[in-house]
Amino acid sequence: MLVDLDYFFAQAEELKNPSLTDKPVVVCVYSGRSEDSGAVSTANYLARKFGVKSGMPIFLAKRKLENAGAVFLPVDSEYYESVSGNVMTTLRDYADRFEQVGIDEAYLDVTAKTCGNFADAKVLALKVKNHLKTEQRLSCSIGIGPNKIVAKIAADIQKPDGLTIVEPNQVGKFLSPLPVARLPGVGAKTKERMQTLGISTIGDLAKSDVQKLMAVFGKTLGTFFHNASLGVDEEPVQEKEEVESISRIATLKQDTRDLNIILELMYRLCKDVYSAIAQDELFFKTVSIVGIMKDLKIHTRSRTLGDPMSDYEILRGTVRDLVERFLDETDQELRRVGVKVSNLTKEEKGQKQLTSFVERE
Ligand code: DCP
Ligand code: CA
Ligand code: CA
């Protein structure tokens with residue numbers, strides 16, 4: 001079962017302020033360069049009726065919603081994380097095994113709970129929907145299938161407040177008429193390449209020769225597309241490991257290679273990254289910077305420290321050093337910059353080793 005919250009950021013805003021519910025609501029990532037520069041993160045279904053979509057420039061969304069009484073809001077990530085956390089805690093109890101993917105969706109393996117019976121799975125899904133509706137005032141769409149990929153596509157097919165069930169013997173009939181872009185991993189480029197091969201539906205893909213697909217897309221992707229088109233997916237529902245990295249990225253007010261201007265922004269990103277790791281009581285061992293240049297090329301530089309650290313000054317100093325060295329190596333102006341910490345652990349390895357050393361003595 002795949003559970004995905006409907007128009008999540010915008011729905012969370014409606015939850016915060018119920019008077020928004022009958023208005024078009026657009027949640028925006030403002031780049032800060034000028035008043036309306038930036039992109040739409042998501043919009044409620046009322047705003048979508050006017051053609052507003054995720055990723056669209058804000059000025060275009062404003063144009064489409066002129067005189068519609070629309071509300072434009074900046075993203076409030078911390079709040080969405082907390083809403084998401086509550087939802088995930090609720091969902092977890094309904095699953096034999098649980099896997100959160102992204103902020104607003106999760107896979108629930110309910111095979112044992114339902115004895116593999118799809119009618120029982122439907123009853124369970126209705127319970128989940130009702131639980132989220134009454135206790136958290138949130139609507140979601142659910143897909144149920146014999147595996148993750150079918151469940152995911154099923155959840156996407158009927159929104160908002162959808163429930164789509166695809167039993168094993170219906171998989172072929174369900175998938176074959178759908179456009180290939182419905183498959184996870186098929187973006188605009190892949191879709192175009194498939195089009196040139198005469199493949200427009202998942203059914204077309206299922207009929208294509210797997211050797212030919214591997215020749216065009218490489219072995220891994222070719223095999224994946226072949227299996228996906230047949231609704232074959234052996235991936236288990238699996239609890240994800242701890243977060244692997246924490247990063248923040250931002251756009252400079254103007255393209256520049258002025259060290260002080262760049263550092264001013266990067267230190268702000270360091271603060272954000274630092275507060276996230278401090279909150280989770282994490283230690284970092286690797287510090288990276290990312291620079292997106294005027295020509296949109298992306299460069300990264302990293303340093304791995306001798307020991308896991310939790311010190312703000314070390315983060316800041318390492319970032320400063322990496323930036324200085326990077327500016328030495330390039331003569332281009334920077335457009336966007338980012339800070340990332342990875343190799344995260346819960347405790348200081350150094351201390352642990354010391355303790356076990358003492359014990360062995
Ligand atoms: N998101 C974003 N930018 C994107 C896509 C998504 O910032 N290009 C954010 C905002 C979404 C959230 O991620 O609310 C979840 O993404 P979904 O793709 O699940 O989209 P929604 O939940 O907004 O809508 P839907 O009802 O179609 O699931
Ligand atoms: Ca969603
Ligand atoms: Ca989602």
Asks: If the threshold is 4.0 Å, N to carboxylate O, is there a salt bridge linking D93 and K113?
Replies: no
Asks: Between F225 and F217, is a ring pair (Phe, Tyr, Trp, His ring centres under 6.0 Å) present by the stated rule, with each step listed?
Replies: CA-CA 9 Å; F225 288 147; F217 297 104; 5.3 Å; yes
Asks: So does E234 get a backbone contact from the side chain of N147, meaning a donor-acceptor N/O pair under 3.5 Å?
Replies: no
Asks: A quick test of your reading: do over 12 heavy atoms of other residues, nucleotides or ligands sit less than 6.0 Å from NZ of K271?
Replies: no
Asks: Could you tell me whether a side-chain N or O of R92 sits under 3.5 Å from a main-chain N or O of L108, the two making a donor and an acceptor?
Replies: no
Asks: Determine whether a donor-acceptor pair (N or O, by modelled atom type, separation under 3.5 Å) exists between the side chain of S342 and the backbone of S245.
Replies: no
Asks: Do R335 and L296 come close enough that some side-chain heavy atom pair is under 4.5 Å?
Replies: yes
Asks: Under 3.5 Å, is there a donor-acceptor pair between the side chain of Y274 and the main chain of S310?
Replies: yes
Asks: Do V101 and L91 share a hydrophobic cluster, counting only Ile, Leu, Val, Met, Phe, Trp and Tyr and linking them when any side-chain heavy atoms are less than 4.5 Å apart?
Replies: no
Asks: Among E13, Q11, R48, which residue meets the side chain to side chain donor-acceptor pair (under 3.5 Å) test with T42?
Replies: R48
Asks: Does any non-hydrogen side-chain atom of V71 lie less than 4.5 Å from one of N17?
Replies: no
Asks: Can you confirm whether the side chains of E14 and Y7 place a donor and an acceptor under 3.5 Å from each other?
Replies: yes
Asks: In this structure, are over 12 heavy atoms from other groups packed under 6.0 Å from Q279 atom CD?
Replies: no
Asks: Walk me through it: do T114 and N117 pass the test side chain to side chain donor-acceptor pair (under 3.5 Å)?
Replies: CA-CA 5 Å; T114 62; N117 181 316; over 6 Å; no
Asks: Would you say V123 and M1 are hydrophobically clustered, going by side-chain heavy atoms of ILVMFWY under 4.5 Å?
Replies: no
Asks: Answer yes if the side chains of S288 and S302 hold a donor-acceptor pair under 3.5 Å, and no otherwise.
Replies: yes
Asks: Is it the case that the side chains of T286 and N343 hold a donor-acceptor pair, with the cut-off being a distance below 3.5 Å and no angle test?
Replies: yes
Asks: Side chains of D311 and F283: does their closest heavy-atom pair fall under 4.5 Å?
Replies: no
Asks: Okay, side chain of D321, backbone of G317: is any donor-acceptor separation there less than 3.5 Å?
Replies: no
Asks: Is there a side-chain contact (heavy atoms from CB on, under 4.5 Å) between V273 and F284? Walk through the geometry before answering.
Replies: CA-CA 11 Å; V273 166; F284 58 89; over 6 Å; no
Asks: Taking the side chain as every heavy atom from C-beta outward, state whether Y30 and F72 have any pair of such atoms under 4.5 Å apart.
Replies: yes
Asks: Taking N44 for its side chain and V25 for its backbone only, find out whether a donor-acceptor pair lies under 3.5 Å.
Replies: yes
Asks: Taking the six-membered ring of Y94, is the NZ or CZ of K127 close enough (under 6.0 Å from the centre) and on axis enough (within 45°)?
Replies: no
Asks: Taking the side chain as everything from C-beta on, heavy atoms only, tell me whether R137 gets closer than 4.5 Å to L132.
Replies: no
Asks: So for atom NZ, which belongs to K148, do other residues, nucleotides or ligands contribute more than 12 heavy atoms lying within a distance under 6.0 Å?
Replies: yes
Asks: With a sphere of 6.0 Å drawn around CD of E264, does it hold more than 12 non-hydrogen atoms of other residues, nucleotides or ligands?
Replies: no
Asks: Is I289 reachable from I249 through a run of hydrophobic residues whose side-chain heavy atoms are each under 4.5 Å from the next?
Replies: no
Asks: Could you tell me whether the side chain of T196 and the main chain of R193 form a donor-acceptor pair under 3.5 Å?
Replies: yes
Asks: Count the heavy atoms of every other residue, nucleotide or ligand shown that sit under 6.0 Å from NZ of K191, and state whether that count exceeds 12.
Replies: no
Asks: Regarding K64 and the six-membered ring of F50, is the cationic atom NZ or CZ under 6.0 Å from the ring centre and inside 45° of its axis?
Replies: no
Asks: Is any side-chain heavy atom of V287 closer than 4.5 Å to a side-chain heavy atom of V319?
Replies: yes
Asks: Mind running side chain to side chain donor-acceptor pair (under 3.5 Å) on T251 and R336 for me, showing each step along the way?
Replies: CA-CA 4 Å; T251 307; R336 275 160 77 70; 2.6 Å; yes
Asks: Can any side-chain N or O of D233 pair as donor or acceptor with the backbone N or O of E235 at less than 3.5 Å?
Replies: yes
Asks: Please tell me whether V166 and V3 are part of a single hydrophobic cluster in this structure, the criterion being side-chain heavy atoms less than 4.5 Å apart.
Replies: no
Asks: Is the count of non-hydrogen atoms from other residues, nucleotides or ligands lying under 6.0 Å from K62 atom NZ greater than 12?
Replies: yes
Asks: Any luck finding a side-chain donor-acceptor pair between D6 and S141 under 3.5 Å?
Replies: yes
Asks: Show the numbers, then the answer: is there a side-chain contact (heavy atoms from CB on, under 4.5 Å) between Q195 and L197?
Replies: CA-CA 5 Å; Q195 208 90 56; L197 300 170; over 6 Å; no
Asks: Run T90 and E135 through side chain to side chain donor-acceptor pair (under 3.5 Å) and show every step you take.
Replies: CA-CA 10 Å; T90 301; E135 283 183 24; 5.7 Å; no
Asks: Looking at every heavy atom in both M309 and L305, which two are closest together, and how far apart are they?
Replies: CG-CD1, 3.7 Å
Asks: Can you check whether R182's main-chain N or O pairs, donor with acceptor, with D156's side chain at less than 3.5 Å?
Replies: no
Asks: Could you go through V40 and V27, starting from their C-alpha distance and side-chain angles, then the distance that decides it, and tell me whether this counts as side-chain contact (heavy atoms from CB on, under 4.5 Å)?
Replies: CA-CA 6 Å; V40 170; V27 178; over 6 Å; no
Asks: Yes or no on salt bridge (charged side-chain N to carboxylate O under 4.0 Å, His left out) for K16 and D76, after CA distance, side-chain angles and deciding distance?
Replies: CA-CA 11 Å; K16 208 198 285 174; D76 180 355; 2.9 Å; yes
Asks: L178 and V171: same hydrophobic cluster, using ILVMFWY side-chain contacts below 4.5 Å?
Replies: yes
Asks: Would a distance-only check, ignoring hydrogens and angles, find a side-chain to backbone donor-acceptor pair under 3.5 Å from R301 to G291?
Replies: no
Asks: For a salt bridge (charged side-chain N to carboxylate O under 4.0 Å, His left out) check, start with the C-alpha distance between R257 and E333, then their side-chain angles and the critical distance, and finish with the verdict.
Replies: CA-CA 5 Å; R257 40 180 291 105; E333 293 188 323; over 6 Å; no
Asks: Can you check side chain to side chain donor-acceptor pair (under 3.5 Å) on T256 and D258, steps first, answer last?
Replies: CA-CA 6 Å; T256 183; D258 181 306; 5.2 Å; no
Asks: Under a 4.5 Å cut-off applied to non-hydrogen side-chain atoms, are F174 and I153 in contact?
Replies: yes
Asks: One pair to check against salt bridge (charged side-chain N to carboxylate O under 4.0 Å, His left out): D4 and K159. What are the steps and the verdict?
Replies: CA-CA 10 Å; D4 180 87; K159 270 167 178 282; 2.7 Å; yes
Asks: Using side-chain heavy atoms (C-beta onward) and a distance below 4.5 Å, is C140 in contact with I142?
Replies: yes
